[in-house]
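Chain letters run A, B, ... following the sequence lines, proteins first and then strands; every chain starts at 1.
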Number of protein chains: 2
Amino acid sequence: MTELNISGREANGARRQAKRAAARNVDIDLGPLDNWIGFYLRLAQSASFQAFTREARGVDLSPGRFATLMIIGRNPGISQTALSRANARDKSSLTPVLEDLERRRLIRRVRPKDDRRSYQLQLTPSGDRLLQELTACADKHDRNLDRIIGPRERARFLKTLKKVVAKLQEGGDANGADE
Amino acid sequence: MTELNISGREANGARRQAKRAAARNVDIDLGPLDNWIGFYLRLAQSASFQAFTREARGVDLSPGRFATLMIIGRNPGISQTALSRANARDKSSLTPVLEDLERRRLIRRVRPKDDRRSYQLQLTPSGDRLLQELTACADKHDRNLDRIIGPRERARFLKTLKKVVAKLQEGGDANGADE
DNA sequence: TATTGTTATACTCTATAACTATA
DNA sequence: TATAGTTATAGAGTATAACAATA
């Protein structure tokens with residue numbers, strides 16, 4: 001680091017530059033944050049979320065609900081409990097979501113004869129159409145990520161992401177697999 | 001826990017088993033979801049969030065606020081606007097957070113003479129102590145991730161994560177971040 | 001006019017605990 | 001007793017728009 005300022009004019013220039021840099025989020029010292037996975041996971045998650053939303057502008061369904069729709073579409077007859085687990089969310093979080101999807105005629109809930117506590121979830125035709133539409137958006141978003149990451153690194157990256165999810169969830173399930 | 005299925009209940013037993021498998025989130029077909037970065041980013045983010053919270057149990061500060069504290073600690077005198085940018089959140093989201101941190105005597109807000117619209121943020125001694133404490137928790141969490149990912153892959157992974165953030169944000173900034 | 005931070009407000013996502021209706 | 005789903009409720013986190021003070 002240079003510590004000599006030759007002229008006042010240069011110092012001013014440098015200061016202005018630093019200010020603009022700060023405004024652009026350069027020159028902010030993140031400290032250990034800059035080396036922590038969790039911090040960047042948060043940023044990446046929200047950036048990806050927003051990018052998908054941009055891709056799917058005009059389609060009125062959030063990424064989270066899209067995932068819900070997809071899981072139902074791929075697993076017709078799935079129960080709410082199983083769905084909530086696939087989504088890693090509490091079942092109570094699902095109730096208002098499914099209510100909404102049902103009200104919009106995107107899904108149906110069927111009471112099976114053999115267990116009348118549960119529901120079997122399935123897409124309606126229009127739910128299926130919306131799913132197709134969103135899948136196309138997601139594909140586009142995904143190709144975008146491919147361009148950013150590169151196909152080879154992408155495979156590695158996804159694999160690691162999955163590993164992190166699996167191991168952390170395993171450790172976090174009720175039983176402390178904690179040290 | 002042991003469940004023996006006696007007599008003519010084989011079908012039932014198999015059904016129960018399938019049910020347990022589904023309950024464990026095995027056998028759920030995620031379709032394209034299983035190959036989408038965004039989906040696993042969400043899961044990884046929330047798993048990491050929870051793991052950190054477990055690590056920092058007893059310390060009353062969320063990961064998000066920890067990041068805020070860290071940025072202030074590393075950049076004494078930073079303004080709220082610059083902080084909100086470093087955090088990729090709107091400045092209005094910051095107001096209640098900073099109010100809370102100030103009420104708890106973890107940060108101070110100083111009005112600089114030369115621009116009395118802004119605040120200069122800094123940690124109090126006890127804010128600094130808490131930051132140290134949380135940093136230790138985060139280190140532990142991080143070593144945990146190291147065990148999961150492996151140090152070499154970890155570097156790659158983080159690099160990719162950063163690239164994704166940079167590129168997606170660049171594309172998504174309504175106002176071009178350049179110039 | 002532009003910028004810094006606040007206010008008012010609202011929306012999404014999520015969880016916990018108690019509940020119901022079945023099983 | 002145990003399980004599937006709902007209700008009631010609460011809280012965190014976030015954003016938009018209008019605003020006051022200051023530049």
Side-chain angles (χ1 to χ4, degrees), chain A residues 16 19-20 22-24 42-43 45-47 49-50 52-54 60-68 77-85 87-103 107 109-121 172 174, chain B residues 1 3 9 12 15-16 19-20 22-24 42-43 45-47 49-50 52-54 60-68 77-85 87-102 107 109-121 172-175:
Chain A
R16 262 202 305 277
K19 209 163 181 181
R20 276 206 307 278
R24 264 191 253 123
R42 177 164 74 97
L43 295 185
Q45 200 277 322
S46 93
F49 187 103
Q50 282 172 246
F52 176 85
T53 301
R54 278 198 303 280
D60 182 23
L61 209 78
S62 71
R65 286 173 188 214
F66 168 46
T68 300
I78 192 175
S79 74
Q80 297 189 188
T81 299
L83 175 56
S84 82
R85 280 185 176 135
N87 231 340
R89 300 283 171 261
D90 190 86
K91 59 190 161 70
S92 73
S93 310
L94 218 48
T95 301
V97 172
L98 296 177
E99 251 164 23
D100 177 60
L101 294 177
E102 193 178 36
R103 195 168 27 74
I107 64 164
R109 295 197 269 190
V110 180
R111 286 279 189 202
K113 305 271 183 267
D114 57 314
D115 186 346
R116 299 209 342 246
R117 294 171 303 182
S118 66
Y119 282 119
Q120 290 178 342
L121 305 171
Chain B
M1 181 173 232
E3 285 179 15
R9 294 285 183 147
N12 265 344
R15 216 172 293 133
R16 261 204 301 279
K19 215 162 179 183
R20 276 206 306 277
R24 266 191 251 119
R42 178 165 73 96
L43 295 185
Q45 200 277 321
S46 94
F49 187 103
Q50 282 172 244
F52 176 84
T53 301
R54 279 199 303 280
D60 183 23
L61 209 79
S62 71
R65 286 173 187 214
F66 168 46
T68 299
I78 191 175
S79 75
Q80 296 189 187
T81 298
L83 175 55
S84 82
R85 279 185 178 134
N87 230 341
R89 299 284 171 259
D90 190 87
K91 58 190 161 68
S92 73
S93 310
L94 218 48
T95 301
V97 172
L98 296 177
E99 250 164 21
D100 177 58
L101 294 178
E102 192 178 37
I107 64 165
R109 295 199 270 191
V110 180
R111 286 279 189 203
K113 303 272 184 269
D114 57 315
D115 185 347
R116 301 211 338 246
R117 294 170 303 180
S118 65
Y119 282 119
Q120 291 178 341
L121 304 171
D173 268 349
N175 47 348

May I have the distance from [X] (atom [atom1]) to [N] (atom [atom2]), rounded to whole angstrom?
X         : N       : atom1 : atom2 : result
Leu101(B) : dA12(D) : CG    : C1'   : 14 Å
Leu98(B)  : dT4(C)  : CG    : P     : 15 Å
Phe49(A)  : dT12(C) : CZ    : C1'   : 8 Å
Phe66(A)  : dC13(C) : CZ    : P     : 15 Å
Asp100(B) : dG13(D) : CG    : P     : 10 Å
Leu94(B)  : dT7(C)  : CG    : C1'   : 15 Å
Glu99(B)  : dG13(D) : CD    : P     : 15 Å
Glu102(B) : dT6(C)  : CD    : C1'   : 13 Å

Heavy atoms only: give me the nearest Gln80(B)-Leu94(B) pair and the separation to one decimal.
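Minimum heavy-atom contact is O-CD2, 3.3 Å.
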Under the side chain to side chain contact (heavy atoms under 4.5 Å, CB included) test, which residues partner Ser62(B), sequence neighbours left out?
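Residues passing side chain to side chain contact (heavy atoms under 4.5 Å, CB included) with Ser62(B): Arg65(B).
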Side chain to side chain donor-acceptor pair (under 3.5 Å) partners of Asp90(A), counting only residues at least two apart
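In terms of side chain to side chain donor-acceptor pair (under 3.5 Å), with neighbours along the sequence ignored, Asp90(A) is linked to Ser92(A).
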Hey, does [X] reach any base, or is it just sugar-phosphate, or nothing, if we go heavy atoms under 4.0 Å?
X         : answer
Ser46(A)  : nothing
Gln120(A) : nothing
Ser62(A)  : sugar-phosphate
Arg65(B)  : sugar-phosphate

OP1 or OP2 of dT3(C) less than 4.0 angstrom from a side-chain nitrogen or oxygen of Thr81(B), does that happen here?
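Indeed not, no polar side-chain atom of Thr81(B) lies that close.
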Gln80(A) side chain near dT3(D) phosphate (N/O to OP1/OP2, under 4.0 Å):
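It does not, given that no N or O in the side chain of Gln80(A) lies less than 4.0 Å from OP1 or OP2 of dT3(D).
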Pairing residues for Arg117(B) by the salt bridge (charged side-chain N to carboxylate O under 4.0 Å, His left out) criterion, not counting sequence neighbours
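Result, salt bridge (charged side-chain N to carboxylate O under 4.0 Å, His left out) vs Arg117(B): Asp115(B).
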Applying salt bridge (charged side-chain N to carboxylate O under 4.0 Å, His left out), can you list everything that pairs with Glu102(A), at least two apart in sequence or on another chain?
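In terms of salt bridge (charged side-chain N to carboxylate O under 4.0 Å, His left out), with neighbours along the sequence ignored, Glu102(A) is linked to Arg109(A).
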For nucleotides 14-23 of chain D, give me one character per nucleotide, 5' to 3': B if any protein heavy atom sits under 4.0 Å from the base, S if the only such contacts are to the sugar-phosphate, - if neither.
SBBB---BBS
Nearest-0.5 Å distance, OG of residue Ser46(B) to CD of residue Gln45(A):
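The CD atom of Gln45(A) is 8.5 Å from OG of Ser46(B), to the nearest 0.5 Å.
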Residues that Tyr119(B) engages under ring pair (Phe, Tyr, Trp, His ring centres under 6.0 Å), provided they are two or more places apart:
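If we apply the ring pair (Phe, Tyr, Trp, His ring centres under 6.0 Å) test to Tyr119(B), skipping adjacent residues, there are no hits.
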